[in-house]
**Student:** 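Quick one: this structure, given as structure tokens, is what I'll be asking you about.
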Amino acid sequence: MLKSGKKEVSDLSLALQELMRTIRSCEICWDFSDHNPCAICSNKKRDITTIAVVAEPQDVQALEKIGSYTGVYHILRGTLSADMDKQTSSVKINELFKRIQSNPVKEIILALNPNMDGETTMMYFESEIKRKFPTVIVSRLARGLPTGSELQYADEITLENALKSRTVLK
Ligand SMILES: [Zn+2]
């Protein structure tokens with residue numbers, strides 16, 4: 001970047017400033033967007049009774065690439081950590097519970113990365129949602145995603161199969 005000269009650096013700096021100025025949080029799904037609510041949450045064709053819970057905004061892009069998911073999302077912006085010392089309080093957990101409480105939610109799809117922190121988070125939500133909202137179906141993506149992998153790097157076919165044959169947690 002430094003080699004490329006001052007002009008590019010200052011262009012980039014302006015672009016970043018512009019991004020910081022226009023970027024918002026969607027206060028429904030907690031995705032980053034230039035609109036609040038974001039394009040997905042304000043799309044009347046999306047099924048608000050099905051919410052896919054993901055860790056990061058880039059996971060939304062991975063699932064949107066499949067093109068067949070019609071539900072909405074909830075971006076946690078992190079995960080619960082198996083290591084409690086590393087836990088951050090900014091994870092949007094209560095926001096999800098509030099959302100389930102005030103909307104006609106039928107199914108929560110836990111679509112977190114199949115690694116330690118993802119598993120910890122899914123187990124937590126599975127038990128909490130069942131306890132707080134016994135009528136809501138809780139499901140998770142089918143096995144098939146390699147353990148330890150990240151959703152955003154999964155190919156579309158693997159991801160689509162994992163979504164289609166998701167398992168309902170009983
Ligand atoms: Zn949104």
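Note that the numbering runs from 1 along the sequence shown for the chain. Counting starts at 1 for both ligands and their atoms, following the listed order.
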**Student:** Does R131 come within less than 4.0 Å of E126, counting only side-chain N to carboxylate O?
**Tutor:** no

**Student:** Kindly compute the distance separating SG (C41) from CD1 (I48), expressed to the nearest 0.5 Å.
**Tutor:**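 One finds 9.5 Å between SG of C41 and CD1 of I48.
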
**Student:** Tell me whether the rings of F97 and F125 are parallel (<30°), tilted (30 to 60°) or perpendicular (>60°).
**Tutor:**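 Correct class here is perpendicular.
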
**Student:** Atom CD in E107, atom OG1 in T49: separation rounded to 0.5 Å?
**Tutor:**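 Spacing of CD (E107) from OG1 (T49) equals 8.5 Å.
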
**Student:** Please list, in chain and residue-number order, the protein N/O/S atoms closer than 2.8 Å to the Zn ion (ligand 1).
**Tutor:** C26 SG, C29 SG, C38 SG, C41 SG

**Student:** Judged by atom type as modelled, is there a donor-acceptor pair below 3.5 Å linking the side chain of S127 to the main-chain atoms of Y124?
**Tutor:**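 Yes.
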
**Student:** What's in the same ILVMFWY side-chain cluster as I137, cut-off under 4.5 Å, chained through other members?
**Tutor:** V168

